[in-house]
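One is the number of the first residue; the rest follow in order along the sequence. Below, each value reflects all heavy atoms present in this structure, side chains not excepted, and no hydrogens, waters or symmetry copies.
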Amino acid sequence: MCGRFAASRPAEELVEIFGVEKWEPEETLDQDWNVAPTKQVHAVLERPVKDAETPRPVRQLRTLRWGLVPSWSKTPEGAARMINARSETLHEKPSFKRAFRSRRCILPADGYYEWVTGAAERDLEVEGKKKRPRKQPYFVTPADGSVFAMAGLYEFWRDPTLPPEHPNAWWTTCSVITTEAETGPLGVAPAEGPGTLAEIHPRMPLMLTEDRWDAWLDPETTGVDELRALLAPPPEGLMRAYPVATAVSNVRNNGPELLAELSGPEVGTLF
């Protein structure tokens with residue numbers, strides 16, 4: 001799954017990386033090393049610009065709220081639960097299938113966090129001596145330092161409690177697409193700990209390699225079979241994973257120190 005990630009690249013860099021044509025500097029976000037559900041996130045998407053002379057799709061950098069609210073939803077209360085969409089079934093799920101056909105995006109990140117329960121902690125839990133075992137966070141990121149282009153979906157939702165002219169009358173929300181975690185060796189594995197992503201968690205965000213960006217963002221790509229082909233996992237061995245401080249577990253903590261690599265797990269033996 002993807003329940004927390006880091007996004008520290010400034011908007012100007014994202015504009016260059018993704019070839020963005022339109023963005024509003026005053027609407028861009030600060031660096032965030034601990035992005036949690038319901039926060040605002042940067043998204044790259046393509047759609048016509050309102051009132052433009054030529055109604056062609058334009059690549060834009062937009063700010064969306066993480067946690068998708070379907071357009072038909074009566075309230076936004078379920079958004080915090082819809083932060084992920086499973087690549088294997090999203091084409092048939094009522095909450096995601098319309099967005100999959102016409103509202104796809106890329107959510108740029110440095111990488112994502114995932115938590116692993118330590119072996120000793122698991123033993124205490126089994127013995128009934130500890131109800132909430134501590135977990136060791138790992139940071140997963142492209143081994144070459146490139147952007148982690150997470151596949152995403154976005155949706156528009158109209159708040160019926162507000163008048164049309166209200167600035168918050170329309171919500172634009174998004175979800176991260178996930179896939180099965182890689183079972184092959186990591187590109188760079190920690191000296192102590194997991195050798196594959198699947199050993200950390202069975203799911204992971206779907207990273208789109210650069211050769212798929214254009215087709216994924218193109219709103220004129222609408223065939224379900226063609227789109228599902230774009231959801232194939234990237235080649236194995238592109239990622240590295242390393243342990244980070246448990247401070248990231250508290251969403252109030254934020255800063256580049258959260259990405260600092262530890263020499264070993266804080267929570268003891270994991271595997």
Side-chain angles (χ1 to χ4, degrees), residues 2-15 18-85 90 93-109 149-177 205 216-220 222 251-254:
C2 179
R4 205 81 65 82
F5 64 91
S8 68
R9 282 180 167 80
E12 293 83 358
E13 185 176 345
L14 297 178
V15 167
F18 291 100
V20 169
E21 298 178 68
K22 184 180 186 303
W23 64 296
E24 303 295 339
E26 65 275 10
E27 295 180 4
T28 57
L29 304 170
D30 293 332
Q31 294 172 290
D32 195 336
W33 291 269
N34 202 352
V35 182
T38 74
K39 275 190 171 184
Q40 297 291 313
V41 298
H42 278 138
V44 179
L45 54 86
E46 288 187 8
R47 60 182 297 107
V49 176
K50 187 177 181 181
D51 300 326
E53 293 183 6
T54 305
R56 66 175 181 86
V58 174
R59 186 164 298 185
Q60 306 175 42
L61 182 67
R62 301 280 289 270
T63 300
L64 313 182
R65 180 186 174 99
W66 186 20
L68 189 139
V69 181
S71 60
W72 43 261
S73 181
K74 294 182 179 179
T75 71
E77 294 176 358
R81 298 191 302 272
M82 300 187 69
I83 59 173
N84 294 160
L90 58 80
K93 296 294 184 181
S95 298
F96 300 122
K97 63 182 183 180
R98 292 177 62 186
F100 179 53
R101 293 286 294 269
S102 58
R103 286 179 289 279
R104 300 176 300 277
C105 63
I106 291 174
L107 303 170
M150 300 189 296
L153 305 175
Y154 70 97
E155 191 60 272
F156 296 100
W157 180 75
R158 171 75 168 84
D159 188 340
T161 67
L162 298 175
E165 66 277 6
H166 194 283
N168 296 324
W170 284 94
W171 291 29
T172 312
T173 60
C174 62
S175 184
V176 175
I177 296 175
W216 178 253
L217 294 175
D218 186 355
E220 295 182 1
T222 58
V251 71
R252 290 189 293 271
N253 294 328
N254 208 320

Would R47 and Y154 count as having a side-chain donor-acceptor pair, cut-off 3.5 Å? yes
Sorted by chain and number, sequence neighbours left out, side chain to side chain donor-acceptor pair (under 3.5 Å) with T28 holds for none
Could you pull out every donor-acceptor pair under 3.5 Å between side chains of residues 93-106 and any protein atom, sequence neighbours left out?
residue, atom, partner, partner atom, Å
R101, NE, T222, O, 2.6
S102, OG, R98, O, 3.3
R103, NE, E155, OE1, 2.9
R103, NH2, E155, OE1, 3.1
R103, NH2, E155, OE2, 3.2
R104, NE, W216, O, 2.7
R104, NH1, F100, O, 2.9
R104, NH1, R101, O, 2.9
R104, NH1, T221, O, 3.2
R104, NH2, W216, O, 3.4
R104, NH2, D218, O, 2.5
R104, NH2, T221, O, 2.9

Less than 4.5 Å apart, side chain to side chain, heavy atoms only: is that true for [X] and [Y]?
X	Y	result
W157	P76	yes
I177	L153	yes
F156	W170	yes
V49	Q60	yes
V35	R4	no
W33	N253	no

Which atom names give the shortest non-hydrogen contact between [X] and [Y], and what distance separates them?
X	Y	result
A7	P108	CB-O, 3.9 Å
L64	T172	CD2-CG2, 3.2 Å
P205	C2	CG-CB, 3.6 Å

Is the backbone of [Y] close enough, under 3.5 Å, to the side chain of [X] for a donor and an acceptor to pair up by distance?
X	Y	result
K74	P160	no
W66	I83	yes
H42	L29	yes
T173	R65	no
R59	V44	no

To the nearest 0.5 Å, what is the distance between CZ on R62 and CD on Q40? 11.5 Å
Between OG of S175 and CG of L68, what distance do you get to the nearest 0.5 Å? 5.5 Å
Is it true that E21 and R56 make a salt bridge, defined as a side-chain N closer than 4.0 Å to a carboxylate O? yes
Using the test ring pair (Phe, Tyr, Trp, His ring centres under 6.0 Å), find all partners of W23 that sit at least two apart in sequence or belong to another chain. none
Set of salt bridge (charged side-chain N to carboxylate O under 4.0 Å, His left out) partners for R252, sequence neighbours left out: none
E13: partners by salt bridge (charged side-chain N to carboxylate O under 4.0 Å, His left out), with sequence neighbours left out: R9
Do N254 and D32 pass the side chain to side chain donor-acceptor pair (under 3.5 Å) test, and can you show the C-alpha distance, the side-chain angles, and the key distance before you say yes or no? CA-CA 7 Å; N254 208 320; D32 195 336; 2.7 Å; yes
Without placing hydrogens or testing angles, list every side-chain donor-acceptor pair under 3.5 Å for residues 161-168, not counting sequence neighbours.
residue, atom, partner, partner atom, Å
T161, OG1, D159, OD1, 2.6
T161, OG1, D159, OD2, 3.4
H166, ND1, N168, N, 2.9

